[in-house]
Amino acid sequence: MLLKIKVVLVFLIIFTFLLAQDAEETILSLEDGTYHPTELSETLLSLRKSPLNINNASRIELTELPWLSELDIGKIVKARKEKSISGWKELQNIGINEITISEIKDYIIFKEKPGLKLNQKTRGEYYECKDNFESTLKYYQRTLFQYDKFSFGFLSQKDEGEKDPIDFYSYFIEYNGNKTLKQGVLGKYRLAVGQGILFAPKLGISKSSAATSVAIKKYKTIKSYTSSYEIWELEGAAVNIELGNFAFVPFYSSTKLSANLDSLLQITSFNESGLHLDVEKKDNVKETIYGSSINYNWEHHSLGVVCSNFKFDHEFKDPGKSAEYNAVGFNFLLNKNTFPTFGELAQADDKLAGLIGTKFGDNKLRHLVLFRYYEKNFPTWHGNPFSSQSKFDNEVGLYYGITLVPFARTKINCYFDLWSFPETRYFEKMPTVGSEQFLQVETRFKTNTLRLTLQHKDKEKYISLEEARIRDFERTLLRADWWQLLGNLRLKTRCELLAEYLEEEKIYSRGILVYEQARVKWEKLQIIAQITAYRSDTQPFNVKHYLYENNVDGIMQNTILSGDGICSFFLIKWKLPPHFELQFKISDHWYKKDKLRLYLQVVSRF
């Protein structure tokens, strides 16, 4: 209670508005409850700690920043050939707009810094006692070590309620060269090929306010597995061999998965929560994968083919899914440095999936058009292409995104997405359709920033009221964010209105959310405090707010809030010279039981 009183006093004293937003929040989905960081958020966190030197970073490395367009990258490469870029003013002079510069500031440097050799992270999380858990302590540690061209890593995690102190682990040895053998990984890793139909990071985002960039998949082919997401990683070996313009990536994996089995020992589903309370259901299915991808690269174009074999040691209960099958995919990327046209076509288990898109326009007005077709029961186990849903099979859709920069300090992002599910899915025993419209306007003043967001979704959905049937369900969100910088103090205010409704039947549910956040940052110390108040209907629809919440490094938290309540958190990050950082967070819902959470993390870098 004392903490709550102190936080209230802080906001009463400094109730003004402020600048400097979290750039990562703009690329998050507005309708996902998350805990595990996506690969993009992991990359951005890594770049915060070890920023890119803009004067020697490769084009591929620069594409890791989702706010830079292909034309932006081209301007940077051209400018640094003439002379080194020495500051933000020079970036503005070569045509990079002010909002983009503000978005990339935390990830770019202009002079080389010594690279990190050892990165160790240890985290403990405590959740207020739950009746069905003997222990609510969660533990995580990650150790990464680099020596010359070799990297070594070990990660372990225990979730709340689990008894095994190393319930999940990942390990790897990685080699990075600059000649024929470009990269090799032994241990746990993930693959990414083309636009991600067959292989891609499972934690990824398709749609966000970066309307013309995030939709295009731009992953490294091989990456050591450093995620805490406890399923769908590969375990074995993969290498990247370059011979002239050709790149060969043979790979092999044999790993265990946690599945739900019926009385005939057939797979009904997989446990993707990572919570293993019943040890008999843990690692009870073996998956084996082998194959190779081949890419031919020109300066501005690339073509690729991937062939692979998948095998599970148990049959599936669903007759539409096979325990063993072959997969073949073809992908291309044309004009990758200017106006890219990209696509992928894949066949797996005798089913087809395809995606094609193009991006065009200049830095003032950019467009992205993308069409996708995924046949029902296409295997989605290791893929994650652009889609309106997490399980991307049984979908046909068209996406159109626009990024407009009408003034130096204003950026507008919007997109329109139309899709259909041609076959039955879940409770919908007939084809259904849906659409989504999104608009975000962000403008910077001398010391303030304003961002307005409007999102509308309309989809056919099975809803049980007096009569159970498919209905036209709509959801509309209106959000306003305001920032201002006052010396070392940064404040952020949000107001969000949300409605879910059946227009034809005049049935409505509504919600409202407001919060105030204060952030103070010195050279070695950063403190963030936030209070959130929300009120939403739970009948006839349970209206849910999705709130991005700052946390210790390595957690990307998008909290789900419903009903009525007040919640708050207090986060501190303290750098202890010369190599350590202490991070602590406490969060709670004021009038709800079992919601207190404590996070303590120690990070060391040498």
Side-chain angles (χ1 to χ4, degrees), residues 17 21-33 66-67 99-100 103 205-215 365-370 386 388-389 397-407 409-419 433-445 448-461 472-483 492-503 507-515 517 532-537 541 543-548 558-562:
F17 304 107
Q21 61 272 36
D22 294 300
E24 292 96 330
E25 186 180 358
T26 67
I27 56 173
L28 289 177
S29 168
L30 295 179
E31 293 188 20
D32 283 324
W67 307 282
I99 288 185
T100 300
E103 290 168 333
I205 298 171
S206 290
K207 290 178 281 190
S208 79
S209 63
T212 57
S213 59
V214 171
L365 179 60
R366 299 194 296 271
H367 309 260
L368 174 65
V369 181
L370 187 153
F386 183 95
S388 68
Q389 54 180 339
L398 179 65
Y399 172 91
Y400 176 45
I402 302 171
T403 298
L404 172 64
V405 185
F407 312 106
R409 296 185 176 185
T410 300
K411 180 181 284 189
I412 301 172
N413 276 282
C414 64
Y415 64 74
F416 309 88
D417 192 29
L418 305 173
W419 67 85
V433 298
S435 67
E436 181 179 356
Q437 302 83 42
F438 176 92
L439 172 66
Q440 186 173 95
V441 181
E442 182 174 336
T443 185
R444 292 170 61 90
F445 304 99
N448 305 336
T449 297
L450 173 66
R451 182 195 298 153
L452 300 175
T453 304
L454 175 64
Q455 182 193 39
H456 177 75
K457 263 193 172 184
D458 185 349
K459 59 183 179 181
E460 294 178 327
K461 184 178 180 180
D472 191 14
F473 177 78
E474 297 183 63
R475 183 180 191 271
T476 301
L477 176 146
L478 177 61
R479 174 185 292 172
D481 294 305
W482 178 262
W483 295 266
K492 177 182 178 182
T493 302
R494 167 171 295 177
C495 181
E496 175 178 294
L497 303 176
L498 183 61
E500 296 182 352
Y501 49 97
L502 303 176
E503 181 65 34
I507 297 175
Y508 301 89
S509 290
R510 299 175 176 87
I512 182 171
L513 177 147
V514 294
Y515 75 65
Q517 181 188 100
T532 304
Y534 57 95
R535 182 182 181 91
S536 59
D537 297 331
F541 308 119
V543 176
K544 297 177 181 178
H545 296 273
Y546 295 84
L547 177 66
Y548 174 80
N558 220 18
T559 304
I560 299 176
L561 302 174
S562 64

* Asked: Taking the side chain as C-beta and beyond, is there a heavy-atom pair between Tyr415 and Ile402 under 4.5 Å?
  -> no
* Asked: So how far is it from Phe416 CZ to Leu398 CG, rounded to the nearest 0.5 Å?
  -> 11.5 Å
* Measuring from Leu454:CG to Arg479:CZ, what's the distance to the nearest 0.5 Å? -> 11.5 Å
* Under 4.5 Å between any side-chain heavy atoms of Phe438 and Ser209, yes or no? -> yes
* To do: Classify the ring geometry between Phe445 and Trp482 as parallel (under 30°), tilted (30 to 60°) or perpendicular (over 60°).
  => tilted
* Arg409 atom CZ, over 12 foreign heavy atoms within 6.0 Å -> yes
* Does the distance from a Lys or Arg side-chain N to an Asp or Glu carboxylate O, for Asp537 and Arg510, drop under 4.0 Å? -> no
* Spatial distance of atom NZ (Lys544) from atom CZ (Arg475) [nearest 0.5 Å] -> 10.0 Å
* Structure fact -> dist Asp472:CG -> Asp458:CG (nearest 0.5 Å) comes out at 4.0 Å
* To do: Kindly give the heavy-atom pair with the smallest separation between Pro66 and Ser213, and that separation in Å.
  => O-OG, 2.7 Å
* **Nearest-0.5 Å distance, CD1 of residue Ile412 to CG of residue Leu452** => 10.5 Å
* Asked: Looking only at heavy atoms, which two atoms of Ala215 and Leu368 are closest? And how far apart?
  -> CB-CD2, 3.6 Å
* Could you pull out all residues at least two apart from Tyr508 that satisfy ring pair (Phe, Tyr, Trp, His ring centres under 6.0 Å)? => Tyr501
* Please test Tyr515 against Lys492 for side-chain contact (heavy atoms from CB on, under 4.5 Å), starting from the C-alpha separation and ending with a verdict. => CA-CA 8 Å; Tyr515 75 65; Lys492 177 182 178 182; 2.9 Å; yes
* Structure fact -> Rounded to the nearest 0.5 Å, the CD atom of Gln437 sits from the OH atom of Tyr400 at a distance of 14.5 Å
* Close side-chain approach of Arg494 and Leu547, heavy atoms under 4.5 Å -> yes
* Judged by atom type as modelled, is there a donor-acceptor pair below 3.5 Å linking the side chain of Glu436 to the main-chain atoms of Asp417? -> no
* **Backbone N/O of Tyr548 and side chain of Asn558: donor-acceptor pair under 3.5 Å** => yes
* Nearest atoms (heavy-atom pairs only) where Ala211 meets Asn413 -> N-OD1, 3.2 Å
* Provide the closest heavy-atom pair for Ser208 versus Val214 in the form atom of the first, atom of the second, distance. => OG-CG2, 3.6 Å
* Asked: Do Ser388 and Lys207 come within less than 4.5 Å of each other through their side chains, counting heavy atoms only?
  -> yes
* To do: Looking only at non-hydrogen atoms, find the nearest pair between Lys411 and Thr100 and report the distance.
  => NZ-OG1, 3.1 Å
* To do: Give the intermediate values and the outcome of side-chain contact (heavy atoms from CB on, under 4.5 Å) for residues Glu496 and Thr453.
  => CA-CA 9 Å; Glu496 175 178 294; Thr453 304; over 6 Å; no
* Asked: What orientation do Phe541 and Phe473 show, parallel under 30°, tilted 30 to 60°, or perpendicular over 60°?
  -> perpendicular
* Structure fact -> Heavy-atom closest pair (Pro406 atom, Thr410 atom, distance to 0.1 Å) is CD-O, 3.6 Å
* Structure fact -> Which of Thr476, Leu513, Leu477 passes side chain to side chain contact (heavy atoms under 4.5 Å, CB included) with Leu498? Answer is Leu477
* Donor-acceptor pair, Thr403 side chain versus Arg366 backbone, under 3.5 Å? -> no
